[in-house]
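Encoded as structure tokens, the structure appears first; notes follow it.
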Amino acid sequence: EHQEKFRLDINRKQKKEGNDCMFNENKFKAEIISRGKTLKDVAEALDISVVTLYRKMSGESDFYRGEMEKCCEFLGVDNMNDVFFAHEVT
């Protein structure tokens with residue numbers, strides 16, 4: 001499968017635009033744990049290293065659209081909008 005050419009620059013783009021949306025790392029981890037998976041399992045499914053996955057989770061790097069779709073498929077969920085496009089509660 002061909003990777004998307006453009007990255008979804010979630011955290012930086014939304015902060016720049018003044019939106020309070022961001023990747024919800026806690027929900028992401030909860031989805032993984034609730035399905036008996038590990039971060040290593042997810043990294044392998046995405047064909048990336050665990051270090052790269054941590055960078056994506058921290059906002060240092062961005063998830064590609066295809067990676068988001070693979071996460072949904074791997075975890076058996078319809079979508080993860082509440083994870084990848086979470087609204088920050090202040």
Side-chain angles (χ1 to χ4, degrees):
E1 178 180 317
H2 185 267
Q3 277 286 347
E4 290 286 325
K5 189 172 184 176
F6 301 101
R7 296 186 304 165
L8 294 178
D9 192 358
I10 297 168
N11 289 331
R12 283 177 258 148
K13 181 179 177 185
Q14 290 173 340
K15 285 179 184 175
K16 183 179 176 182
E17 293 173 355
N19 296 334
D20 291 329
C21 294
M22 59 178 22
F23 176 79
N24 189 320
E25 185 175 343
N26 289 333
K27 282 189 180 183
F28 185 64
K29 288 180 179 177
E31 290 287 344
I32 293 167
I33 292 168
S34 71
R35 285 158 177 79
K37 306 292 184 186
T38 65
L39 290 174
K40 182 180 179 190
D41 295 332
V42 174
E44 288 174 358
L46 298 178
D47 198 29
I48 60 175
S49 71
V50 174
V51 171
T52 299
L53 179 59
Y54 274 108
R55 285 185 183 136
K56 290 176 181 286
M57 291 168 53
S58 72
E60 290 179 51
S61 184
D62 303 302
F63 285 92
Y64 289 96
R65 170 186 252 160
E67 291 171 335
M68 292 180 197
E69 291 169 353
K70 282 183 182 179
C71 282
C72 292
E73 290 172 20
F74 179 71
L75 297 173
V77 295
D78 291 333
N79 74 64
M80 294 181 70
N81 288 343
D82 59 333
V83 172
F84 291 110
F85 305 103
H87 292 281
E88 185 175 28
V89 178
T90 57

Under 3.5 Å donor-acceptor, Glu44 side chain and Asp41 backbone = no

Taking the six-membered ring for Trp, are Phe63 and Phe84 parallel (under 30°), tilted (30 to 60°) or perpendicular (over 60°)?
-> perpendicular

For the side chain of Lys56 and the backbone of Asp62, is there at least one donor-acceptor N/O pair under 3.5 Å apart?
-> yes

Just by distance, do the side chain of Ser34 and the backbone of Ala30 share a donor-acceptor pair under 3.5 Å?
-> yes

For Asn81, check side-chain contact (heavy atoms from CB on, under 4.5 Å) against everything at least two apart and list the hits.
-> Asn79, Phe85

For the residue pair Arg35 and Val77, establish whether any side-chain heavy-atom pair is separated by less than 4.5 Å.
-> yes

List in chain and number order the residues that pass side-chain contact (heavy atoms from CB on, under 4.5 Å) with Leu39, two or more places apart in sequence or in another chain; answer none if no residue qualifies.
-> Phe28, Ile32, Leu53, Tyr54, Met57

Residues at least two apart in sequence or cross-chain that pass salt bridge (Lys or Arg N to Asp or Glu O under 4.0 Å) with Arg55, listed by chain then number, are none

Which residues pass the salt bridge (Lys or Arg N to Asp or Glu O under 4.0 Å) test with Lys29, sequence neighbours left out?
-> Glu25

With a 4.5 Å limit on heavy-atom distance, are the side chains of Met68 and Val83 in contact?
-> no

Does some side-chain heavy atom of Cys71 sit less than 4.5 Å from a side-chain heavy atom of Leu46?
-> yes

From Glu31 atom CD to Asn26 atom CG, the distance as rounded to the nearest 0.5 Å = 12.0 Å

